[in-house]
Amino acid sequence: MKITNVEAIIVKQKEIELIGDGSQDTVVIKVYTDEGIVGVGEVDSSPYVVKSVIEAPASHMVCMGLKYAVIGEDPFDVEKIWHKMYDLAYYHGRRSVVIHAMSGIDMAIWDIMGKATGLPVHKLLGGSFRDSIQAYCSVLMPDNEDEIKRIADTYLPQGYKGIKFGWGALGQSPEKDLELVKAARRAMGDKPELMIDIGMVWKDLKGAINLCNAFKDYGVYWVEEPFKPDYLDSYKRLCESTDMRISAGEEIGTLFEFDELINNCNIDIIQPDISRCGGITIAKKVIDMAYKKGITLIPHAFKTGILMSASLHIIANTPNALWLEYVNQETVLSKTLVKRHFTIDDKGVVTIPTAPGLGIELDEEVLNFYKVEV
Ligand code: MG
């Protein structure tokens, strides 16, 4: 089997709000083969930049769009294809958006391999530890207690055993952050797990230590991304100074960056985003690296059903995966781009897909309606 083309399709809702919700647009990657099998992937990044990174025409021998590293290859040579893309990446950038773009292509290639063999991706990865996974409700942190209460009253009765409030109103001041955590705990009651995603806006290490310790009194389960990903020393010192679980990893890609975070910082939870970290090929290696250090996997996934499916296959294949991030911002793309979008049951559990490949079907009508021609 040979890959014949790679397409980066930008889709976006009508109006983009300047809030921390990454599901307002996306890039759907389609990888075509000479046997008629089409693999589907997704990239969480700037869609317009991703499209350029994938489709840019050649400037010279080693400067061209990623698709030229992929066309003509056998999708079952996925490791070789990953390295071919990375070798071609250095003019465009060896981190960030180029790795994001590679992630979507890699995801689509795993989808092809599954469809060609009739196996779900997790079987290709070595099999599944579980048939389902507990999902937590992932929402932005509102600015007021009434809205926090509305969220708790809406989602906890649906079965969720945990809510993560992130970004949004967090980071204005230590006092306000603590006030919001208290409000969330009041709204949720004692039992459900409460997670707080700082969205990288804390800047004061000692302040972060104090707040993490204060959050413990309100049963916060983990504090996510307190600092920007480059502040590895701050992560290390925070993790050494508090009993609070600290999570990170959604912003980084390649084994090189994960090696620094996993082996130098003593974090508790690793959160690779399969649509950014380098794809399924890299996520699998990251998880092995983290497992050796006793670090739990909870992938970041704030996009559509495509990324959710990829995350579920990785979770299935990981011995110490704990939760699925379930986006409840309820954008049109997060809810409708994939047919029969994954649903939670009344215990807050999502079933691991078992159909070949990623096990999803795009709604082509939705895709075409929200597609942006560039
Ligand atoms: Mg986050």
Side-chain angles (χ1 to χ4, degrees), residues 17-26 42-46 96-97 99-100 103 133-142 148 151 155 160 162-172 177 180-181 184 193-203 208 211-212 215 220-232 234-235 238-239 244-253 257-258 261-262 265 267-278 283 286-287 290 295-304 307-308 310-311 314-315 321-331 334:
E17 274 188 86
L18 296 182
I19 56 174
D21 181 353
S23 64
Q24 301 180 82
D25 65 12
T26 193
E42 175 170 40
V43 183
D44 186 354
S45 193
S46 167
S96 193
V97 68
I99 307 302
H100 303 165
S103 306
I133 184 80
Q134 189 82 54
Y136 70 84
C137 168
S138 187
V139 291
L140 301 181
M141 176 60 94
I148 291 172
I151 289 169
Y155 293 108
Y160 289 101
I163 300 179
K164 184 175 84 185
F165 292 96
W167 298 61
L170 288 160
Q172 296 174 53
D177 286 351
L180 291 167
V181 165
E193 301 291 2
L194 165 62
M195 298 70 129
I196 299 295
D197 182 354
I198 303 303
M200 304 178 287
V201 294
W202 282 355
K203 295 184 173 61
L211 270 179
C212 283
F215 286 3
V220 172
Y221 187 78
W222 79 70
V223 168
E224 178 168 328
E225 279 203 322
F227 312 116
K228 290 198 165 48
D230 296 323
Y231 292 93
L232 294 173
S234 294
Y235 273 98
L238 174 63
C239 291
M244 174 64 69
R245 294 179 187 88
I246 303 297
S247 70
E250 70 178 76
E251 311 291 344
I252 61 175
E257 287 193 320
F258 278 98
L261 183 64
I262 288 170
C265 297
I267 60 164
D268 303 283
I269 296 165
I270 191 78
Q271 298 174 297
D273 183 312
I274 318 301
S275 70
R276 291 187 200 165
C277 71
V286 166
I287 291 157
I295 297 172
T296 304
L297 170 76
I298 304 174
H300 176 262
F302 211 95
K303 214 64 184 170
T304 77
L307 175 58
M308 188 177 287
S311 304
I314 283 289
I315 284 170
L322 267 193
W323 294 85
L324 170 75
E325 179 165 23
Y326 198 103
V327 179
N328 274 303
Q329 284 302 117
E330 301 192 344
T331 59
S334 74

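Counting starts at 1 for both ligands and their atoms, in listed order. Given the structure is predicted, the values throughout are model-derived calculations rather than measurements. These numbers come from the heavy atoms of this one structure, side chains and all, not from hydrogens, waters or symmetry mates.
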Practice problem: Specify whether Phe215 and Trp202 have parallel, tilted or perpendicular ring planes, treating 30° as the upper limit for parallel and 60° as the lower limit for perpendicular. | Solution: tilted
Exercise. Specify which N/O/S atom of Asp197 comes nearest to the Mg ion (ligand 1), by atom name.
Key: OD2
Quiz item: Do Trp167 and Asp21 touch side chain to side chain, with heavy atoms closer than 4.5 Å?
Solution: no
Quiz item: So which of the N, O or S atoms of Glu250 lies nearest the Mg ion (ligand 1)?
Solution: OE1
Exercise. Look up atom CD1 in Ile133 and atom CD in Glu325, then write down how far apart they are to the nearest 0.5 Å.
Key: 13.0 Å
Quiz item: Does a side-chain heavy-atom distance below 4.5 Å link Glu224 with Met195?
Solution: no
Quiz item: Do any of the N/O/S atoms of Glu224, backbone or side chain, fall under 2.8 Å from the Mg ion (ligand 1)?
Solution: yes
